[in-house]
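The structure displayed is predicted, hence computed values, not measured ones.
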Amino acid sequence: MANEEAEKKKNTTSSEAKQPLKTAKKKALGWMEWLRGWFYLVYEMLFQRILASHLQSPMPLPPINDVTCIVTGSTSGIGREIARQLAEAGAHVVMAVRSTNRAQELIRKWQEEWSGKGLPLNIEVMELDLLSLDSVARFAEAWNARMAPVHVLINNAGIFSIGEPQKFSKDGYEEHMQVNHLAPAMLSILLLPSLIRGSPSRIINVNSTMHYVGFVDPEDMNVVSGKRKYTSVVGYGGSKLAQIMFSSVLQKRLPAESGISVVCNTPGIVLTNVARDLPQFLQVGYRLIPYFIFNAEEGSRSTLFAATDPQISEYCEMLKADDWPVCAYISHDCRPTNASEEAHNIETSYKVWEKTLELVGLPSDAVERLIEGEEIKCRYGNSQE
């Protein structure tokens, strides 16, 4: 399925992929790009059910016994569905969450519901707070110390504080950028030793169509310079675009022999706990259009597909061999699709890569050193200098 879409995608967008290299530094999206991005968002909301009508819900999964999956943000929304369905398919699921008590309650509920259908679900809980880079580093240190493999890392947790004023984490970074990009990027790098042990393995980044209206200035990732006015849409869209850019460079930096695939996917427009950040009157409107909006089970399908479909690894290798500028991007209908034009800006992507490593306190050659089996120092966690 993935291979059939690849040639079409390359033919229609190859000129766009090279375009950014010839242009001067951009300060923001052009108005045509901005309008096109909003068109994609509206189109997805109106037609996602039709486009995904060929999919079953819940999505049938292959047996995945002996597969270890780490799922962040798995106590609510699509993350909860992803964790539950992977566990029911036989995977060892690690719920990486802020609220461990809430996760334990969910596990007890799932075990009761699953009783009599098969072996007890293999799920455990580990604490992870993406608003604390110390927490991210400690999580990775604790898992790597087990010398156990990770076969699938699903960076699902995210925030979209619609209409809220700009907020910063205790690490000093804008909250959307930290939770949606910096912390997952840091986690992905620090878990490379375990992902190598689980090879062939995958890093799945749950992204959003909102990246089409996103813009990233690598020198102003906190949006504090005054060059752009901050809004929650600016913060969220920029963080999701940064995630794709970083993922694209990571896929290029990982040697084929590592066996690690990097994928971004969009779940579609989903009715989840993101709505809790909406003003009350908008929450009412949000729930008045259930026909257009996916529920959490439907929204989990593209992530589950990216995590389990056997052709994904081959598709990622094909893109890498063809020097495609963007990592694999899977749409809400479980088909390969093209990320935004700005996501193809190779120069900016490498700057985002370098700035991200700097902000999370990792050396610029972290990937290469970890691939070679060396240890690295991180500014955060127990290994900080």
- Message: Run the ring pair (Phe, Tyr, Trp, His ring centres under 6.0 Å) test against Tyr173 and tell me which residues pass, sequence neighbours left out.
- Response: none
- Item | Glu174 side, atom CD; Gln166 side, atom CD - distance, nearest 0.5 Å | 5.5 Å
- Task: Could you grab the distance from atom NE2 of His344 to atom OG of Ser349, nearest 0.5 Å is fine?
- Result: 9.5 Å
- How many angstroms lie between OG1 in Thr303 and CG in Asn155, if you round to the nearest 0.5 Å? 11.0 Å
- Determine, for Arg228 against Glu219, whether the closest basic-nitrogen to carboxylate-oxygen distance falls under 4.0 angstrom. no
- Task: Measure the spacing between OG of Ser331 and CG of Asn338 and express it to the nearest 0.5 Å.
- Result: 11.0 Å
- Describe, in one word, how the ring planes of Tyr43 and Phe47 are oriented to each other, choosing from parallel (under 30°), tilted (30 to 60°) and perpendicular (over 60°). tilted
- Item | Within 6.0 Å of CG in Asp66, more than 12 heavy atoms from elsewhere | no
- Task: Could you go through the side chain to side chain contact (heavy atoms under 4.5 Å, CB included) check for Arg138 and Trp143 one step at a time?
- Result: CA-CA 9 Å; Arg138 287 194 298 267; Trp143 182 266; over 6 Å; no
- Message: Can you see whether Phe305 has Arg335 sitting over its ring - NZ or CZ less than 6.0 Å from the centre and within 45° of the normal?
- Response: no
- Message: If you define the side chain from C-beta out and look only at heavy atoms, does anything of Asp217 sit under 4.5 Å from Lys227?
- Response: yes
- Message: Looking at Glu112 and Arg108, is there a salt bridge between them, counting it only when a charged N and a carboxylate O are closer than 4.0 Å?
- Response: no
- Query: Rounded to the nearest 0.5 Å, what separation is found between the CZ atom of Arg301 and the CD1 atom of Ile82?
  - Reply: 12.5 Å
- Task: Working to the nearest 0.5 Å, report the span between CD1 of Ile269 and OG1 of Thr209.
- Result: 5.5 Å
- Message: Between Asn180 and Ser239, is the side-chain hydrogen bond (donor to acceptor under 3.5 Å, both in side chains) condition met? List the steps.
- Response: CA-CA 6 Å; Asn180 299 341; Ser239 68; 3.1 Å; yes
- Message: One thing to verify: whether Arg253 and Glu368 come together as a salt bridge, which I'm taking to mean a side-chain N less than 4.0 angstrom from a carboxylate O.
- Response: yes
- Query: Out of Ile204, Val93, Asn265, which residue meets the side chain to side chain contact (heavy atoms under 4.5 Å, CB included) rule with Ile154?
  - Reply: Ile204
- ring-ring contact (aromatic ring centres under 6.0 Å, His included) pairs touching residues 90-135, sequence neighbours excluded, are none
- Query: Are Glu175 and Ser169 linked by a side-chain donor-acceptor pair shorter than 3.5 Å?
  - Reply: no
- For residues 221-267, which residue pairs qualify under ring-ring contact (aromatic ring centres under 6.0 Å, His included), counting only residues two or more places apart or in two chains? Phe160-Tyr236, His181-Phe246, Phe246-Trp353
- Message: Taking the basic N atoms (NZ, or NE/NH1/NH2) and the acidic carboxylate oxygens, is any pair closer than 4.0 Å for Arg36 and Glu33?
- Response: no
- When you check the gap from the basic side-chain N to the acidic O, do Lys109 and Glu105 get nearer than 4.0 Å? no
- Query: Do Asn205 and Ser247 get their side chains close enough for a donor-acceptor pair, meaning under 3.5 Å?
  - Reply: yes
- Item | Other residues, nucleotides, ligands: >12 heavy atoms within 6.0 Å of Phe168 CZ | yes
- Going hydrophobic residue to hydrophobic residue with side-chain gaps under 4.5 angstrom, can you get from Leu29 over to Val233? no
- Query: Taking Ser201 for the side chain and Leu195 for the main chain, is one N or O donor matched with an acceptor at less than 3.5 Å?
  - Reply: yes
- Task: Indicate, with yes or no, if Val234 and Val352 share a hydrophobic cluster defined by side-chain heavy-atom contacts under 4.5 Å among Ile, Leu, Val, Met, Phe, Trp and Tyr.
- Result: no
